[in-house]
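Just below is one structure, and these are the notes that go with it.
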Amino acid sequence: EGRGVIEGCMSPDAFKEAVARGGEKSLATNIQKLGYINCDLAYHHPQRAVMLTGVVLGADRQPLSGVQLWSVGRDYQGRCPDVSKEEGKFGAMISQFDSSVDVEVHAPRAVEGDEKIEVFFEVKSWLWDVKKEVRKLMVNVAGKYAKSDAEPATWCRPAKTPDPKGKPEDAEKEAEIVWCQARRQWQATVGGDPVYVREADDDSGGPLGPGWRLAHSVALPGCEKIPPPTFAKPIVIDKQTFGPFQTGPPGEFVDVGELVVK
């Protein structure tokens, strides 16, 4: 939900090399331009495509990196991705030549307030390398938590309704993020048992951010090899469309300039 991005399918250098290669410069047809585009066109017929370049800025004119971008044809079908890099720059977004195109900017934004928390594992390579019991425990930790009225500060993720045909031991357990004053730590618990903890002087700073570690009480072998999950505010995507832009001759780079996200 807003945390993954789709990179461009071809680097600018690869595009330049493909365009510079000898051979047929047009499609094997009398049609000069297709009514659609996808990333394959840049590889197989690069002389029929262009690459869009530019920079993404926030309302404060600071560069935004890691932002999902899409070129969307106005007079043809299809859309191609790219992601803004350092200094907000992008330069690997395929588009149709001599065409009218919009650029969609999908800018992530953290939800305000502390009513919701999302817990997720950024590194997932371990998922199928661990035993079923470990995987079940970690999947139980991850999810969307909502703040309750309980004291001390607590966020809850209710257990899903168990499958009537499933085994009782496979049923999902209720999970909580709760402050433990006695141990001066935030605890992420499953069925009341701490799985991850984060030390703090008091609860004023909240449970978000780094510093989480596996609780010493977790005895399942293999859990210690898994990087701790991320505790963060939910992300929403603000989509803004810029354009139309005219792409120009095939095989070229087209600078669309600054895209300032409101």
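When a residue number appears, it is its place in the shown sequence, counting from 1.
Other residues, nucleotides and ligands contribute at most 12 non-hydrogen atoms within 6.0 Å of the CZ atom of R184. Within a 6.0 Å sphere centred on CG of D201, other residues, nucleotides and ligands contribute 12 heavy atoms or fewer. Within 6.0 Å of CD on E86 lie no more than 12 heavy atoms contributed by other residues, nucleotides or ligands. Other residues, nucleotides and ligands place more than 12 heavy atoms under 6.0 Å from the CD atom of Q181. Heavy-atom neighbours of D149 CG from other residues, nucleotides or ligands within 6.0 Å: at or below the threshold of 12.
At a threshold of 4.5 Å between non-hydrogen side-chain atoms, the residues K239 and Q68 do not count as touching. Counting only heavy atoms from C-beta outward, the side chains of V101 and R74 never approach each other to under 4.5 Å. Using a 4.5 Å heavy-atom cutoff, the side chains of W186 and D203 are in contact. Side chains of F90 and V67 form no contact here, defined as non-hydrogen atoms less than 4.5 Å apart.
Under a hydrophobic-cluster definition in which Ile, Leu, Val, Met, Phe, Trp and Tyr are linked whenever side-chain heavy atoms come within less than 4.5 Å, directly or via other members, L137 and L127 are assigned to the same cluster. Using a 4.5 Å cut-off between side-chain heavy atoms of Ile, Leu, Val, Met, Phe, Trp and Tyr, with links allowed through other members, V56 and W70 fall into different hydrophobic clusters. Under a hydrophobic clustering in which Ile, Leu, Val, Met, Phe, Trp and Tyr are joined whenever their side-chain heavy atoms come within less than 4.5 Å, directly or via other members, V178 and V119 fall into different clusters. Residues V55 and V260 share a single hydrophobic cluster, defined by chaining ILVMFWY side chains whose heavy atoms lie under 4.5 Å apart. Under the 4.5 Å side-chain heavy-atom criterion for grouping Ile, Leu, Val, Met, Phe, Trp and Tyr, W128 is not connected to F120 through any hydrophobic cluster.
Between the SG atom of C156 and the CD1 atom of I117 there is a distance of 10.5 Å, given to the nearest 0.5 Å. Here NZ of K225 is found 13.0 Å from CG of L214. Values are rounded to the nearest 0.5 Å. Annotation: the span from R157 atom CZ to E176 atom CD amounts to 10.5 Å, rounded to 0.5 Å. Once rounded to the nearest 0.5 Å, the distance linking CG of L52 with CG of D82 reads 9.0 Å. Taking CZ of R135 as the reference point, atom CG of L220 lies at 12.5 Å (rounded to 0.5 Å). Residue E118 holds its CD atom at 11.0 Å from CG of L208, rounded to the nearest 0.5 Å.
With K116 contributing its side chain and D114 its backbone, the two residues share no donor-acceptor pair below 3.5 Å. For the pair S84 (side chain) and L64 (backbone), a donor-acceptor distance under 3.5 Å is present. Not a single donor-acceptor pair under 3.5 Å links the side chain of E104 to the backbone N or O of V72. Judged purely by atom type and a 3.5 angstrom limit, Q185 has no side-chain atom pairing as donor or acceptor with the backbone of C180. Between the side chain of T154 and the main chain of P152, a donor-acceptor pair closer than 3.5 Å is present. In this structure, S95 contributes its side chain and V50 its backbone to no donor-acceptor pair below 3.5 Å. Formation of a donor-acceptor pair under 3.5 Å by the R198 side chain with backbone atoms of P210 is found in this model.
Using a 4.5 Å cut-off between side-chain heavy atoms of Ile, Leu, Val, Met, Phe, Trp and Tyr, V197 forms no hydrophobic cluster with any other residue.
The nearest pair of heavy atoms linking V261 to A107 is CG1-CB, 4.1 Å. What you find for F121 and K124 is that their closest heavy atoms are O-NZ, 2.9 Å. Between K233 and G113, the shortest heavy-atom distance links the atoms CE-O, 3.3 Å. The two residues V141 and P229 make their nearest non-hydrogen contact at CG1-CG, 4.4 Å. Considering every non-hydrogen atom in both V256 and G54, the closest pair reads CG2-CA, 4.3 Å. Contact between M93 and S71 at its shortest, heavy atoms only, is SD-N, 3.3 Å.
With 3.5 Å as the limit, one finds a donor-acceptor pair spanning the side chains of T230 and E122.
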Going through the distances and angles, do V218 and Y196 end up as a side chain to side chain contact (heavy atoms under 4.5 Å, CB included)?
CA-CA 9 Å; V218 177; Y196 287 97; over 6 Å; no
Steps toward side chain to side chain contact (heavy atoms under 4.5 Å, CB included) verdict (K85, E7)
CA-CA 10 Å; K85 303 299 191 298; E7 297 278 355; 3.0 Å; yes
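Checking V134, V130, V195 one by one against C223, the side chain to side chain contact (heavy atoms under 4.5 Å, CB included) holds for a single residue, V134.
Here E87 pairs with K89 in a salt bridge; the nearest charged N to carboxylate O distance falls below 4.0 Å.
Below 30°, between 30° and 60°, or above 60°: for F231 and W212 the angle between ring planes is below 30°, a parallel geometry.
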